[in-house]
Amino acid sequence: MIKTRLKEVIDGCFARGVQEKRWSEGGAGKYTVEIPKHENQGDYSTNIALVLAGIEKRNPREIAAQIKTLLEQDEALISSVSIAGPGFVNITVQPAVWQRVIGDIEKAGEAFGRSGIGAARRVMVEFVSANPTGPLSVGHGRQAILGDAIARLLEATGHDVYREYYYNNAGRQMRVLGESARARYRELLDLDYTFPEDGYQGEYIYDVARALQQEYGDRLSNSDDLVPFQAKAEELIFRDISSTLARMGIVFDNYYNERSLYDDGHIDSVVSELRGKGLVYEHDNATWFKTTEFGHEQDRVIIKSSGEPTYRLPDIAYHREKFKRNFDWLINIFGSDHIATVPDVLAGVTALGYDPAKVTVVLHQFVTLMRDGKQVKMSTRKANFVTVDELLDEVGTDAARFFFMMRKPDSQLEFDLDLATRESQENPVYYVQYAYARLCSIIRQARDRGLAILGFGQVDSSLLTQPEEIRILKSMASFPLLVEQAALELEPHRIIFYLMELAGQFHSYYNKHKVITEDTALSQARLCLVGALRTTLGNGLRIVGLSTPEQM
RNA sequence: GCACCAGUAGCUCAGCUGGAUAGAGCAACGGACUACGAAUCCGUAGGUCGGGGGUUCGAAUCCCUCCUGGUGUACCA
């Protein structure tokens with residue numbers, strides 16, 4: 001990478017300066033190399049003079065002048081150096097350095113942007129984790145896309161990724177679900193029924209009831225047993241969730257059932273282990289976990305006086321099992337409404353002797369749905385929510401993916417349904433995909449005209465000197481580092497913004513310069529650029545799970 | 001009350017973890033198809049970065065404090 005090469009050169013200059021007693025070595029590692037905001041400030045910029053001036057109590061511009069002299073000796077890499085503002089050293093590299101990026105991209109192909117920095121570290125990404133009580137809502141949609149995009153980014157950077165879905169098909173929620181299904185079943189048979197007060201009112205419960213009717217006729221009309229109702233509801237809802245996930249191209253390696261934590265004795269063993277460490281006590285008939293030992297404000301109940309555990313206990317047990325399964329990094333994608341569990345779970349695993357630093361929780365804010373310019377209030381129970389399936393029907397999988405990734409997790413996401421449906425043509429995803437299709441089209445066009453498509457080694461790349469061309473080359477050169485950063489920071493939105501930027505640069509270039517002209521040498525050089533761009537844009541789209549249409 | 005997140009152009013949001021003159025997309029206005037794809041491009045306009053202090057060569061970014069919105073603060077998950 002060019003930036004790291006340049007950093008090494010600057011480090012070399014710094015070291016020489018130390019050797020020649022121009023400055024002390026106190027500034028080592030404190031200065032940075034950056035891409036400046038404005039193009040007239042060079043390709044790269046370093047604040048080394050400013051940093052050293054602070055330490056040495058000297059004039060930064062004077063130090064900058066010394067750096068400039070040292071840097072200018074590397075003529076293979078650097079074309080010019082200037083000093084600007086308070087003492088920034090701005091560096092312009094040789095055009096050939098940028099032009100060679102095309103060769104790198106050609107060589108790497110589909111691997112361009114991918115890397116091995118993850119060093120095959122085993123990472124578990126846990127996400128969605130919705131209980132089978134209803135279809136996935138738009139909030140789940142955001143989480144599904146976010147989690148999958150993070151998983152894909154980690155895969156692209158050489159991590160060994162494992163996707164897991166944690167669910168619970170037992171307990172109160174499922175009982176209410178069974179009761180809801182039974183009520184609808186009786187309703188369909190014109191029997192008297194009482195719908196549970198906090199029951200699930202969604203239309204999908206009728207689907208469950210109809211399926212029961214089809215399978216059992218009216219044989220369940222006298223049944224007090226909730227099991228068949230619950231089982232059918234769970235089966236159908238889970239099938240529905242799975243198919244929604246499949247539509248989005250999301251595949252889990254494992255579905256982890258909360259109930260197995262009970263069946264396998266993990267719940268009990270966590271309690272006894274914590275008790276053995278003196279971190280558990282009984283009070284008011286309940287069992288408490290001394291979270292105050294970990295700096296929390298109050299202790300928490302882990303087993304209610306009814307004998308039933310609170311959600312914290314299985315959560316802690318689940319995380320202990322994750323640790324036992326030998327992952328190097330545990331990533332949880334949670335909605336911000338689950339924030340309360342995080343400190344408790346971390347306290348739990350810490351108490352059990354595991355390293356909480358291995359756990360990273362990505363909390364994402366809610367999705368606000370806008371319809372007719374007004375916010376849609378949503379509730380799973382009342383079922384006045386828009387499902388992911390409906391959303392996919394309306395805007396398509398690529399657009400949905402793109403929208404959900406457009407915001408950083410910390411920001412609330414406003415999803416304007418009217419805009420997404422009525423004006424899906426103006427969706428930014430098309431802007432990027434159109435650029436890709438256009439690139440493909442140019443290459444087709446060249447072939448049709450009998451123009452040979454040559455490799456980087458066979459063309460005169462020094463002809464690529466237009467500002468728009470250099471700009472594109474520079475952007476492409478920064479792609480691998482961007483992917484690394486987006487992956488390690490768990491921020492897929494960076495890829496989205498990059499793609500929009502790169503697509504925009506291409507559209508501008510396209511409108512200003514013709515690729516295929518009578519000038520064969522120039523055309524072939526530009527076709528090389530087009531090919532590299534197609535690879536870069538395509539890789540970017542694929543890395544976050546978007547499709548790459550060659551025609552639209 | 002306390003904790004976490006957010007507050008940047010009319011709207012929706014970026015801002016590479018402390019850099020130079022704060023950006024993009026919509027929306028508004030004015031232009032570009034005898035053209036490798038006009039799902040595109042070019043231009044104009046739009047700002048006390050919520051307010052106020054502080055840290056330093058330098059702050060949208062870090063610290064303190066207040067204001068506003070969201071979420072949580074359960075023997076719900």
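Here the structure is a predicted model, which means the values were calculated and not measured. Scope of the values below: all heavy atoms of this structure, side chains included, with no hydrogens, waters or symmetry mates. Letters go in sequence order (proteins before strands), and every chain restarts at 1.
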Requested in this report: Have a look at A/His513 and say if it touches a base, only the backbone sugar-phosphate, or nothing, with a 4.0 Å heavy-atom cut-off.
Outcome: base
Report task. Could you tell me whether A/Asp284 contacts a base, only the sugar-phosphate backbone, or nothing, with contacts defined as non-hydrogen atoms closer than 4.0 Å? Result -> base
Taking side chain to side chain contact (heavy atoms under 4.5 Å, CB included) as the definition, give me every residue that meets it alongside [X], ordered by chain and number, with sequence neighbours left out.
| X | result |
| --- | --- |
| A/Lys512 | A/Glu468 |
| A/Asn285 | A/Ser305 |
| A/Ala347 | A/Phe289, A/Thr291, A/Phe294, A/His296 |
| A/Thr4 | A/Met1 |

**Report entry** Intra- and interstrand pairs of RNA chain B - dot-bracket, Watson-Crick/G-U under 3.5 Å, | marks other strand
**Finding:** (((((((..((((.....[...)))).(((((.......))))).....(((((..]....))))))))))))....
Query - Earlier contact from the 5' end, RNA chain B, for A/Ile35 and A/Lys304 - result: A/Ile35
Could you list the protein-to-nucleotides 4-7 of chain B atom pairs, N/O on both sides, closer than 3.5 Å?
from, atom 1, to, atom 2, distance (Å)
B/rC5, O2', A/Asp410, O, 2.9

**Report entry** Sub-4.0 Å heavy-atom contacts from residues 43-52 of chain A onto RNA chain B, ordered by number
**Finding:** A/Ser45, A/Asn47, A/Leu50
Requested in this report: Give a yes or no on whether a salt bridge exists between A/Lys3 and A/Asp43, defined as a side-chain N under 4.0 angstrom from a carboxylate O.
Outcome: no
Query raised in the report: Is the distance between the ring centroids of A/Tyr166 and A/Tyr255 under 6.0 Å?
Result: no
Report task. Check whether the ring centres of A/Phe334 and A/His364 lie less than 6.0 Å apart, and answer yes or no. Result -> no
Query raised in the report: Looking only at atom C1', what distance separates B/rG53 and B/rU17, rounded to whole Å?
Result: 24 Å
**Report entry** Nucleotide of B/rC16, B/rA74, B/rC75 approaching A/Trp288 most closely (side-chain heavy atoms)
**Finding:** B/rC75
Side-chain donor-acceptor pairs of residues 529-536 of chain A under 3.5 Å, sequence neighbours excluded:
from, atom 1, to, atom 2, distance (Å)
A/Arg534, NH2, A/Glu550, OE2, 3.0
A/Thr535, OG1, A/Gly531, O, 3.1
A/Thr536, OG1, A/Ala532, O, 2.9

Query raised in the report: Any stacking of A/Phe497 on B/rA14, going by centres under 5.5 angstrom and planes within less than 30 degrees?
Result: no
Which residues share a salt bridge (Lys or Arg N to Asp or Glu O under 4.0 Å) with [X], sequence neighbours left out:
| X | answer |
| --- | --- |
| A/Arg58 | A/Glu62 |
| A/Asp315 | none |
| A/Arg300 | none |

Report summary line: Nucleotide by nucleotide, nucleotides 41-49 of chain B touches protein heavy atoms under 4.0 Å in the pattern (B base, S sugar-phosphate only, - none) SS-------
